Participant: 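Please see the structure below; I have some questions.
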Amino acid sequence: MSRASDDAGYRLPLPGSALLATWRRGYGLAELRRDLLAGLTIGIVAVPLSMALAIATGVPPQHGLYTAIVAGAIIALTGGSRFNVSGPTAAFVVILFPIVASHGIGGLLIATLMAGLILVALGLARLGSLIQFVPYPVVLGFTAGIAVVIALLQLPDFLGLEVALGESTLGNAATIGGALATLDPAELGVGLVTLATLVLWPRLRLPIPAPLVGLAVGTLAALAVTPLGVEVDTIASRFSWSLQGESGSGIPPFAPSLVLPWQLPGPDGSPLTVDFALIRELLGPALAIAMLGAIESLLCAVVADGLTRTRHDPNAELLGQGLGNIAAPFFGGITATAALARTATNIRSGAVSPVAAVVHALVVLLAVVLLAGVLALVPMAALAALLFIIAWNMSEARHFVHTLRSAPASDAAILVICFALTVIFDMVLAVAVGMGLAAALFIRRMAEVTRTRRLDAPREAGPGDLPAGVALYDIDGPLFFGAAEKAVSSLRVVDPEIRVILLDMRDVPSLDATAIVALQTLAEELEAEGIGLVFVGLPARLVLKLRRAGLRREAGCLAVVRGLPRGRRLAERWLAAADGSC
């Protein structure tokens with residue numbers, strides 16, 4: 001793709017800019033060796049995570065593995081971050097689980113495809129600075145809420161409960177509470193052993209990833225109780241597959257193959273009928289997927305830059321994320337975005353380029369083809385324990401509590417509201433309300449900053465005292481719809497002897513349509529009372545806005561000058577006019 005630019009300086013983002021930047025800096029055998037080792041490490045971590053997150057979403061585990069293989073490789077090759085590692089992530093669970101419940105896996109893959117197209121559009125529109133406009137309390141609120149929902153969804157597998165969960169978080173909590181009598185001690189035991197291993201293993205500071213060790217210990221615990229006649233639910237007992245004329249339990253030992261997303265099962269098990277009604281129903285979820293994918297991938301890239309002192313291309317990253325999510329559904333992959341935990345592991349493992357993420361995808365592919373039988377032995381309770389750890393890390397509980405204690409009351413309120421809405425309703429509503437509240441609070445703060453005051457004498461040296469009949473007002477701050485009326489209203493009440501008002505606007509950086517109308521109305525009201533108005537120090541671009549709105553110079557009534565000395569002299573000339581009024 002060319003990087004042609006138009007007269008306004010627009011440049012199309014370049015796919016694979018991170019990979020190209022790596023080659024330009026020089027890439028040799030030493031760098032390749034570091035990428036191979038890092039990719040091997042991430043791939044080992046990604047295998048259990050991909051399976052667990054796919055199951056949490058409500059789809060068979062192989063679809064998570066296919067996501068890491070296809071989307072992970074494509075995003076690395078076409079994205080704008082050298083270190084981002086993409087695949088299924090925990091943040092998507094609360095969005096994808098309801099889609100699967102309502103539209104089946106076929107509907108989920110179509111929504112993922114639509115989200116990919118939206119992400120490409122965002123990248124081409126150069127909206128990579130999107131993350132800058134999402135307030136921290138909003139991000140922290142919905143991520144903590146997502147963590148709570150994920151943990152709740154894993155309780156049935158962890159406790160061995162026989163329940164069917166729905167889309168309502170509160171309803172699921174009530175269902176789980178009512179089913180506690182069916183708790184299975186064996187499932188709980190396997191889950192606790194796995195959870196303890198996942199918590200304690202990192203303290204030993206050994207190079208083997210904790211998820212791999214934890215699931216291995218959980219699997220051995222399940223195998224140990226099998227001779228005693230105790231059955232523990234595993235991937236093999238929960239899932240079955242039929243592919244290429246063969247069938248089996250667990251995970252199919254084949255590489256992902258081409259498939260049309262709409263041919264996969266809908267909610268009733270039959271292929272979907274793609275029509276306008278289906279696209280309309282999936283458009284909202286697709287927008288939510290794209291929004292969350294953009295936020296999470298860009299946030300991950302920013303964190304990676306901070307750890308490595310590098311810079312990413314945010315627009316190319318959005319483009320790469322879009323291309324990965326367009327391709328993945330055609331190979332059975334679900335929604336993907338950059339994963340912070342895998343990216344941080346990638347950096348700690350010594351990666352230097354996107355090649356490490358490609359190697360990670362190849363490692364997952366080899367695991368599917370060669371180790372499908374072994375992966376099928378992993379207990380569901382062990383995967384639930386792994387997701388508990390993911391949810392805890394995602395919740396950022398310390399930052400949550402610290403923000404509640406140290407942030408302004410308004411920001412703390414936004415945090416709590418976003419958290420509660422995510423848990424009770426969904427993330428889309430939480431982000432929409434959170435962004436709306438944050439915008440409203442920002443408008444209020446800016447309105448409080450903007451003020452108008454009357455000055456007894458000019459601030460500049462030289463003019464001396466103002467002549468009788470002249471008043472000087474100073475406006476500080478942006479004039480916009482939230483502040484314009486308050487700033488202008490004080491000018492409507494002037495002393496009867498005042499015939500000219502000097503309005504110092506040197507500290508006004510911007511005007512919106514509401515402010516322009518307010519100034520226009522003020523000028524008309526003052527003219528009707530025979531009072532002249534002089535705008536002082538207004539930047540040329542803002543003067544042009546006023547002229548376009550119809551405010552033009554009128555001798556004795558309305559003028560624009562650069563400085564206060566000139567404004568004073570002009571006011572004196574107006575006062576010396578025949579009747580001293582407009």
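Keep in mind that this is a model prediction, so the values were computed, not measured. Just so you know, these numbers use all the heavy atoms, side chains as well, and skip hydrogens, waters and symmetry mates.
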Participant: Would you say that more than 12 heavy atoms from the other residues, nucleotides or ligands in this model lie under 6.0 Å from the CH2 of W392, or not?
Facilitator: no
Participant: Would you check if I235 and L383 make a side-chain contact, meaning some heavy-atom pair closer than 4.5 Å?
Facilitator: yes
Participant: Under the side chain to side chain contact (heavy atoms under 4.5 Å, CB included) rule, what do V120 and L323 come out as? Steps first, then yes or no, please.
Facilitator: CA-CA 7 Å; V120 168; L323 294 174; 4.3 Å; yes
Participant: Roughly how far apart are N346 CG and L307 CG, rounded to 0.5 Å?
Facilitator: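 One finds 11.0 Å between CG of N346 and CG of L307.
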Participant: Over all heavy atoms of both residues, which pair between A351 and A356 is shortest? Give the atoms and the distance, please.
Facilitator: CB-CB, 3.7 Å
Participant: With side chains defined as the heavy atoms from C-beta onward, is the minimum distance between F254 and V368 less than 4.5 Å?
Facilitator: no
Participant: Testing L421, T422, V423 for side-chain contact (heavy atoms from CB on, under 4.5 Å) with F425, which one passes?
Facilitator: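 Result: among L421, T422, V423, L421 is the only option passing the side-chain contact (heavy atoms from CB on, under 4.5 Å) with F425.
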Participant: Any donor-acceptor pair under 3.5 Å linking the side chain of T343 with the backbone of V85?
Facilitator: yes
Participant: Check whether any side-chain heavy atom of L278 sits under 4.5 Å from a side-chain heavy atom of T273, and report yes or no.
Facilitator: no
Participant: Give me the atom names and distance for the closest heavy-atom approach of M114 to A286.
Facilitator: CB-CB, 3.7 Å
Participant: How long is the span from the CG atom in L292 to the OG1 atom in T89, to the nearest 0.5 Å?
Facilitator: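 Atom-to-atom, L292:CG and T89:OG1 are 6.5 Å apart.
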Participant: State, with a plain yes or no, whether a side-chain heavy atom of L96 is found less than 4.5 Å away from one of P285.
Facilitator: no
Participant: Within the side chain of S50, is there an N or O that forms a donor-acceptor pair under 3.5 Å with the backbone of V47?
Facilitator: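 No, the answer is negative, given that no donor and acceptor are paired below the 3.5 Å cut-off.
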Participant: Quick one: does any side-chain atom of T143 pair with a main-chain N or O of L140 as donor and acceptor, under 3.5 Å?
Facilitator: yes
Participant: Would you sort out whether V259 and F331 count as a side chain to side chain contact (heavy atoms under 4.5 Å, CB included), showing the intermediate values?
Facilitator: CA-CA 6 Å; V259 62; F331 293 89; 5.7 Å; no
Participant: If you define the side chain from C-beta out and look only at heavy atoms, does anything of L109 sit under 4.5 Å from L113?
Facilitator: no
Participant: Which heavy atom of A255 sits nearest to which heavy atom of L365, and what is that distance?
Facilitator: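 Closest heavy-atom pair between A255 and L365: CB-CD1, 3.6 Å.
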Participant: Using 0.5 Å steps for rounding, measure from the OG atom of S81 to the CG atom of L298.
Facilitator: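 Going from the OG atom of S81 to the CG atom of L298 covers 9.5 Å.
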Participant: Can you measure from CG (D35) to NE2 (H360) and round to the nearest 0.5 angstrom?
Facilitator: 13.5 Å
Participant: Closest heavy-atom contact between P211 and V45?
Facilitator: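 It is CG-CG1, 4.4 Å.
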Participant: Check whether any side-chain heavy atom of L77 sits under 4.5 Å from a side-chain heavy atom of V358, and report yes or no.
Facilitator: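 Answer yes - side chains close enough.
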Participant: Would you compute the distance between atom CD1 of I150 and atom CZ of F97 and round it to the nearest 0.5 angstrom?
Facilitator: 12.0 Å
Participant: Measure the shortest side-chain to side-chain distance between L200 and R203 over non-hydrogen atoms and say whether it is less than 4.5 angstrom.
Facilitator: yes
Participant: So which atom in L375 and which in A367 form the shortest heavy-atom distance, rounded to 0.1 Å?
Facilitator: CD1-O, 4.0 Å
Participant: Could you check V138 against I414 for side chain to side chain contact (heavy atoms under 4.5 Å, CB included), going step by step and ending with a plain yes or no?
Facilitator: CA-CA 7 Å; V138 175; I414 291 175; 3.8 Å; yes
Participant: Take atom CZ in R25; do more than 12 heavy atoms of anything else shown fall under 6.0 Å from it?
Facilitator: yes
Participant: Can you tell which of N325, L53, V59 makes a side-chain contact (heavy atoms from CB on, under 4.5 Å) with I334?
Facilitator: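 Looking at N325, L53, V59, the match for I334 under the side-chain contact (heavy atoms from CB on, under 4.5 Å) is V59.
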Participant: For I146 and V93: C-alpha separation, side-chain torsions, deciding distance, then whether side chain to side chain contact (heavy atoms under 4.5 Å, CB included) applies.
Facilitator: CA-CA 8 Å; I146 289 172; V93 171; 5.7 Å; no
Participant: Within the distance-only criterion (no hydrogens, no angle test), does the side chain of W201 pair as donor or acceptor with the backbone N or O of I208 below 3.5 angstrom?
Facilitator: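 Between the backbone of I208 and the side chain of W201 there is a qualifying donor-acceptor contact (under 3.5 Å).
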Participant: With side chains defined as the heavy atoms from C-beta onward, is the minimum distance between P271 and L264 less than 4.5 Å?
Facilitator: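 Counting from C-beta outward, P271 and L264 never come under 4.5 Å.
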Participant: Is it true that, when you exclude Y136 itself, more than 12 heavy atoms of the residues, nucleotides or ligands shown sit nearer than 6.0 Å to its OH?
Facilitator: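 Atom OH in Y136 is packed in, count exceeds 12.
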Participant: Without swapping roles, check the side chain of Q154 against the backbone of A384 for a donor-acceptor pair under 3.5 Å.
Facilitator: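 No; judged by distance alone, with no hydrogens or angles, the pair does not exist.
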Participant: Got a sec: does the CG of L370 have more than 12 other heavy atoms crowding it under 6.0 Å?
Facilitator: yes
Participant: Do any N or O atoms from the side chain of D233 and from the backbone of D157 form a donor-acceptor pair under 3.5 angstrom?
Facilitator: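 Absent.
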Participant: If you measure from CD1 on I74 to CD on Q321, what distance do you get to the nearest 0.5 Å?
Facilitator: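 Those atoms lie 11.5 Å apart.
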Participant: Checking R82 side chain against H312 main chain: does a donor-acceptor pair fall under 3.5 Å?
Facilitator: no
Participant: Where is the tightest heavy-atom contact between G266 and L272, given as atom of each residue plus distance?
Facilitator: CA-CD2, 3.7 Å
